[in-house]
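Any value given below was found using the heavy atoms of this structure, including those in side chains, with hydrogens, waters and symmetry copies removed.
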Amino acid sequence: NLGESANKALVKAKDELEERVDERTMELSAANQQRQGIVDSLADALIIINELGIIASFSPSAEKMFQYNKEEIIGRNIQDLMPSPHKEAHNSYLENYKRTGKRKIIGFVREVNGLRKDGSIFPASLKVSEVKTEKNRVYVGLMSDLTNQKKSELRLKSQSAALKSAANGVVITNIKGEIVWINPAFSNLTGYSWRELVGKTLRIINSGKQDKSFFKNMWDTILAGDIWQGEIIN
């Protein structure tokens, strides 16, 4: 009887242990799925490499950004995603960091160029973090494609250059009527320099020839999102 009771106790303990293992496995699986879901939903590209510069993980956003499927890029050197001359020098960057511990990229946000599968080069923002384990270390890179941002910056520079060179005076104010920008023609027209006008309101050039109702009508029209057009005596 004692032997039978011991066997039953062992079977029960084994069943409980297997149940706990199954529960823990399900918890870990759910946690892994949650982490993978977060990675998959990132708008920025997430790339993980090992100490040799070999790609170990490649997020869906990275696939879209670089035009590679993860199956064809995982296991290759991160150099394959870089244009020259950084491509040829990257391994020496890693070796120098491991030897000296001096950080040039890790922990900083910097602009770099990426190399797509079709050979096209694009600007990107890159931040690299180091993750150490008991056995090794990996490097996690988070990249944002700056192509559209650079296009917008170029467009704004072109527009700014056009406004600066315009023959007509141009003044830009905020919603309070405070001057935030003038072009050279506006300075020439009024006789006021940039420093004398920026930060002031347009009242500085008000001649007093028009009453408050005139300006109320003008600002009511502008703040309503409509275009005001008329003559002002300054």
Side-chain angles (χ1 to χ4, degrees), residues 17-156:
L17 179 60
E18 289 179 349
E19 185 177 348
R20 287 200 296 271
V21 169
D22 288 342
E23 289 176 354
R24 184 55 179 159
T25 300
M26 291 177 65
E27 289 174 359
L28 290 173
S29 177
N32 287 333
Q33 289 178 1
Q34 185 179 44
R35 283 194 293 269
Q36 189 60 49
I38 293 171
V39 170
D40 291 348
S41 65
L42 286 174
D44 293 339
L46 187 142
I47 303 171
I48 300 176
I49 65 172
N50 64 17
E51 292 182 279
L52 299 176
I54 303 303
I55 298 171
S57 181
F58 207 68
S59 72
S61 293
E63 291 181 291
K64 183 178 180 180
M65 188 178 296
F66 287 93
Q67 301 173 347
Y68 282 101
N69 294 323
K70 62 181 180 180
E71 289 79 9
E72 58 184 339
I73 197 67
I74 288 178
R76 289 168 59 174
N77 197 295
I78 192 68
Q79 290 174 318
D80 292 345
L81 303 179
M82 301 177 182
S84 298
H86 302 291
K87 179 185 183 76
E88 292 77 14
H90 184 262
N91 283 344
S92 66
Y93 296 159
L94 276 179
E95 290 301 322
N96 183 67
Y97 170 66
K98 287 187 287 186
R99 185 176 65 255
T100 66
K102 188 175 181 181
R103 299 186 173 198
K104 291 185 177 180
I105 298 177
I106 296 172
F108 303 99
V109 177
R110 58 179 296 179
E111 286 191 19
V112 298
N113 286 326
L115 181 67
R116 293 191 178 93
K117 184 179 179 180
D118 64 5
S120 60
I121 297 173
F122 66 96
S125 170
L126 170 66
K127 182 174 183 179
V128 179
S129 302
E130 181 182 24
V131 179
K132 294 181 180 178
T133 66
E134 293 182 359
K135 296 181 179 179
N136 53 29
R137 71 182 90 183
V138 297
Y139 304 98
V140 181
L142 201 61
M143 294 186 72
S144 301
D145 190 338
L146 299 180
T147 301
N148 291 333
Q149 179 180 320
K150 292 297 182 181
K151 287 180 178 177
S152 296
E153 289 175 359
L154 181 60
R155 184 168 60 251
L156 288 174

| query | According to the interplanar angle, ranging from 0 to 90°, do the rings of Phe58 and Phe66 count as parallel (below 30°), tilted (30 to 60°) or perpendicular (above 60°)? | reply | tilted
Can you tell me how far [atom2] of [Y] sits from [atom1] of [X], rounded to the nearest 0.5 angstrom?
{"X": "Glu111", "Y": "Lys150", "atom1": "CD", "atom2": "NZ", "answer": "3.5 Å"}
{"X": "Asn50", "Y": "Asn136", "atom1": "CG", "atom2": "CG", "answer": "8.0 Å"}
{"X": "Leu46", "Y": "Ser57", "atom1": "CG", "atom2": "OG", "answer": "6.0 Å"}
{"X": "Lys151", "Y": "Glu153", "atom1": "NZ", "atom2": "CD", "answer": "13.0 Å"}

| Tell me, do Val112 and Met143 make a side-chain contact under 4.5 Å, heavy atoms counted? | yes
| said: Between Ile54 and Asn77, is there a side-chain heavy-atom distance shorter than 4.5 Å? | reply: yes
Mind listing the closest non-hydrogen atom pair of [X] and [Y] along with its distance?
{"X": "Pro83", "Y": "Gly114", "value": "CD-C, 4.2 Å"}
{"X": "Ile48", "Y": "Val140", "value": "CG1-CG2, 4.0 Å"}
{"X": "Met65", "Y": "Ala45", "value": "CE-CB, 3.7 Å"}
{"X": "Ile74", "Y": "Ile55", "value": "CG2-O, 3.6 Å"}
{"X": "Gln67", "Y": "Arg116", "value": "NE2-CD, 3.5 Å"}
{"X": "Pro123", "Y": "Asn113", "value": "CA-OD1, 3.7 Å"}

| said: Listing request: all salt bridge (charged side-chain N to carboxylate O under 4.0 Å, His left out) pairs with a residue in residues 45-67, at least two apart in sequence or in separate chains. | reply: Glu51-Arg137
| side-chain contact (heavy atoms from CB on, under 4.5 Å) between Ser125 and Val109, intermediate numbers included | CA-CA 7 Å; Ser125 170; Val109 177; 3.4 Å; yes
| query | Hey, does the side chain of Ser59 reach the backbone of Ala62 with a donor-acceptor pair shorter than 3.5 angstrom? | reply | yes
| field | side chain to side chain contact (heavy atoms under 4.5 Å, CB included), paired with Leu115, selected from Leu81, Ile121, Asp80 | value | Ile121
| Within a radius of less than 6.0 Å around NZ of Lys127, do more than 12 heavy atoms belonging to other residues, nucleotides or ligands occur? | no
